[in-house]
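Just so we're on the same page: letters track the sequence lines, and every chain starts at 1.
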Amino acid sequence: MKVLKYILTGILFGVVMSKSEAISWYRIQEMFRFQSFHMYGIIGTAVILGALAVFLIKKLKLRDLQGKLITFQPKEKGITRYLMGGTIFGLGWALVGACPGPLFVNLGQGYWSILIVIAGGLLGTYFYGVVRNRLPH
Amino acid sequence: MIEFISQPWPWYVSGAVIALVMVLLLFFGSSFGFSSNFRIICAACGAGKRVPFFKFDWKAQSWNLLFLVGTVLGGWLSQEFLQNGEVIQISTDTVQDLQKLGFAAPQGLQPQELFSLEALGSVQGFLLLLVGGLLIGFGTRYAGGCTSGHAISGLSNLQWPSLVAVIGFFIGGLVTTFLVFPLLFS
């Protein structure tokens, strides 16, 4: 069950990203060109409903399945890392038309060349780990 | 039923299900953030022996790898059983803009010009995908999250750093779209 619930949630995510075409390079291009509401609608709905859920979870002090109070880790303060890192990620996001989750959904869809992007993602992450102490955060 | 869910899903259904996925993970005692998997995989491959950033108890986060396996399966299930063969309907403005860059009108979810094995066989095609991946991997870790961790989880929790990160996502995306693509594809 422990294993299954994560796999099933992942399947739900993979199916919804596929069926709403959010994994498509074309949809990401459309978003960055401000020529369609589709992606803004998806992210906007998710954030509004997500914010409502987080508010209720905090307000009602809801507990997780293990009975532990659900808590939220505040993000570390700062601007540099978020702006710099975010921009670097954005350059790649628009180029490939997929963020990390959709990369793996596309792999399931049979787009094998995505494996090169995933390999690049692992190398990029490793490279960050190597140089992180020399970067402004 | 199958026919019904095989149609493309509208944005509000998609947004609601993504919020549901985030909430489910919270109730499982986890948190939604996909790019952490890159770090977890590096750690699982032994990168912690050389680089301290990868020295952590990745097994405690192995649930995220199960989630990853699920996303691959979800993509496969959609492709195999939930297809109605309809061509993706993107804005005609986008189709025209992309045509100027040499991209044909959409056939599948991804353009052949970038993701076919022929494109992969060319030096430019291979480098484009590799560099795209490098930027994604490096950038998400530097920013401490991707679309799921910042745009969905972070913004839902009203975190200012996540808003800054999302602004960065867009700065980078616009630079690629309007400055890099015209150089690469014309």
Side-chain angles (χ1 to χ4, degrees), chain A residues 6-7 9-11 13-16 18-21 24-26 30 32 35-36 38 41-42 45-47 49-51 53-54 64 66 70 72 75 79 82-83 85-92 94-96 99-101 104-105 107-109 111 113 116-117 120-121 124-126 128-130, chain B residues 9 11-12 14-15 17-19 21 23-24 27 29 34-35 38 42 51 53 63 66-67 70-76 78-79 90-91 93-94 106 109-110 115 120 129-130 132-143 146-147 155-157 159 161 164-165 168-169 171-173 176-177:
Chain A
Y6 285 114
I7 294 183
T9 313
I11 290 177
F13 183 66
V15 169
V16 73
S18 299
K19 290 315 300 174
S20 62
E21 300 165 342
S24 168
W25 181 88
Y26 295 111
E30 209 181 36
F32 282 128
Q35 287 166 334
S36 163
H38 190 79
I42 292 177
T45 312
V47 171
L49 293 176
V54 170
D64 63 22
Q66 288 87 43
I70 297 175
F72 297 86
K75 308 273 181 201
I79 288 189
Y82 299 111
L83 206 54
T87 303
I88 294 169
F89 162 59
L91 291 169
L95 201 59
V96 181
C99 39
F104 288 88
V105 183
L107 190 61
Q109 290 257 345
Y111 290 102
S113 43
I116 305 298
V117 188
T125 302
Y126 182 77
Y128 169 75
V130 174
Chain B
W9 296 7
W11 52 265
Y12 45 89
S14 178
V17 175
I18 293 169
V21 166
V23 170
L24 282 173
F27 276 97
F34 203 96
S35 63
F38 285 136
C42 284
V51 185
F53 182 63
W63 65 266
L66 296 170
F67 182 78
T71 61
V72 177
L73 287 172
W76 176 75
S78 309
Q79 154 72 26
I90 56 165
S91 136
D93 290 343
T94 311
L109 283 173
Q110 305 298 356
F115 295 99
L120 187 62
L129 295 182
L130 185 69
L134 282 167
L135 293 167
I136 291 172
F138 187 87
T140 52
R141 220 52 287 124
Y142 192 1
C146 60
T147 337
L155 290 185
S156 289
N157 191 25
Q159 294 284 306
V164 176
F169 297 171
I171 295 172
T176 293
T177 303

To the nearest 0.5 Å, what is the distance between OG1 (Thr147(B)) and CD1 (Ile42(A))?
12.0 Å
Please report the C-alpha distance between Tyr126(A) and Phe53(B) in whole Å, then the side-chain angles of each, then the deciding distance to 0.1 Å, and finally whether the ring pair (Phe, Tyr, Trp, His ring centres under 6.0 Å) criterion is met.
CA-CA 9 Å; Tyr126(A) 182 77; Phe53(B) 182 63; 9.9 Å; no
Give the minimum heavy-atom separation between Thr45(A) and Gly15(B), together with the two atoms involved.
CB-CA, 3.8 Å
Please answer whether the main-chain N or O of Leu109(B) pairs with a side-chain N or O of Glu21(A) as donor and acceptor at a distance below 3.5 Å.
no
Ranked by heavy-atom pairs below 4.5 Å to chain B, first place among Gly124(A), Gly41(A), Gly129(A) goes to Gly124(A)
With the side chain counted from C-beta on, respond yes when Val117(A) and Leu130(B) share a heavy-atom pair under 4.5 Å apart, and no when they do not.
no
List the steps, then state whether side chain to side chain contact (heavy atoms under 4.5 Å, CB included) holds for Thr71(B) with Leu107(A).
CA-CA 9 Å; Thr71(B) 61; Leu107(A) 190 61; over 6 Å; no
Selection from Ser156(B), Ala165(B), Gly74(B) maximising heavy-atom pairs under 4.5 Å formed with chain A:
Ser156(B)
Measure Val105(A) against the heavy atoms of chain B and call it side chain, backbone, both or neither at under 4.5 Å.
both
Name the region of Leu24(B), side chain, backbone, both or neither, that has any atom closer than 4.5 Å to a heavy atom of chain A.
side chain
If we ignore hydrogens and angles and just use 3.5 Å, is the side chain of Thr176(B) paired with the main-chain N or O of Leu91(A) as donor and acceptor?
yes
Atom CH2 in Trp63(B), atom OH in Tyr6(A): separation rounded to 0.5 Å?
6.0 Å
Only pairs of heavy atoms separated by less than 4.5 Å count here; which of Ala19(B), Gly173(B), Gly132(B) has the most with chain A?
Gly173(B)
Approximate separation, where rounding is to 0.5 Å, of Ile171(B) CD1 and Thr87(A) OG1:
4.5 Å
Can you say whether Val164(B) sits under 4.5 Å from chain A via the side chain, the backbone, both, or neither, judging by heavy atoms?
both
Please flag which part of Gln159(B) lies under 4.5 Å from any non-hydrogen atom of chain A: side chain, backbone, both or neither.
side chain
Side-chain contact test, heavy atoms from C-beta onward, threshold under 4.5 Å: evaluate it for Tyr26(A) versus Thr94(B) and give yes or no.
no
Looking at chain B, which one of Pro100(A), Gly50(A), Gly92(A) has the largest number of heavy-atom pairs inside 4.5 Å, strictly under?
Pro100(A)
Would a line drawn from the ring center of Phe89(A) to the ring center of Phe138(B) be shorter than 6.0 Å?
no
State, with a plain yes or no, whether a side-chain heavy atom of Thr9(A) is found less than 4.5 Å away from one of Leu66(B).
no
Point-to-point distance, once rounded to the nearest 0.5 Å, from OH of Tyr82(A) to CZ of Phe169(B)
11.0 Å
Side chain from CB out, backbone as N, CA, C, O: work out which of these in Val23(B) comes under 4.5 Å of a heavy atom of chain A, or both, or neither.
side chain
What distance separates Ser14(B) OG from Phe13(A) CZ, expressed to the nearest 0.5 Å?
8.5 Å
Need one label for Ile116(A): side chain, backbone, both or neither, based on atoms under 4.5 Å from any heavy atom in chain B.
both
So which of Tyr12(B), Trp9(B), Phe115(B) has the biggest tally of heavy-atom pairs under 4.5 Å with chain A?
Trp9(B)
If one checks every heavy atom of Ile90(B) against chain A at 4.5 Å, the contacting part turns out to be both
Residue, of Gly86(A), Gly14(A), Ser36(A), that accumulates the most heavy atom pairs under 4.5 Å with chain B:
Gly86(A)
Shortest non-hydrogen contact between Ser113(A) and Leu120(B), atoms and distance:
CB-CD2, 3.8 Å
Keeping Gln79(B) on the side-chain end and Gly108(A) on the backbone end, is there a donor-acceptor pair under 3.5 Å?
no
If I compare all heavy atoms of Ser78(B) with all of Lys19(A), which pair ends up nearest, and what's the gap?
CB-CD, 4.5 Å
Counting only heavy atoms closer than 4.5 Å, note whether Tyr111(A) contacts chain B via side chain, backbone, both or neither.
side chain
Is any side-chain heavy atom of Ser20(A) less than 4.5 Å from a side-chain heavy atom of Trp11(B)?
no
Taking the six-membered ring for Trp and the full ring for Phe, Tyr or His, determine whether the centres of Phe34(B) and Phe104(A) are under 6.0 Å apart.
yes
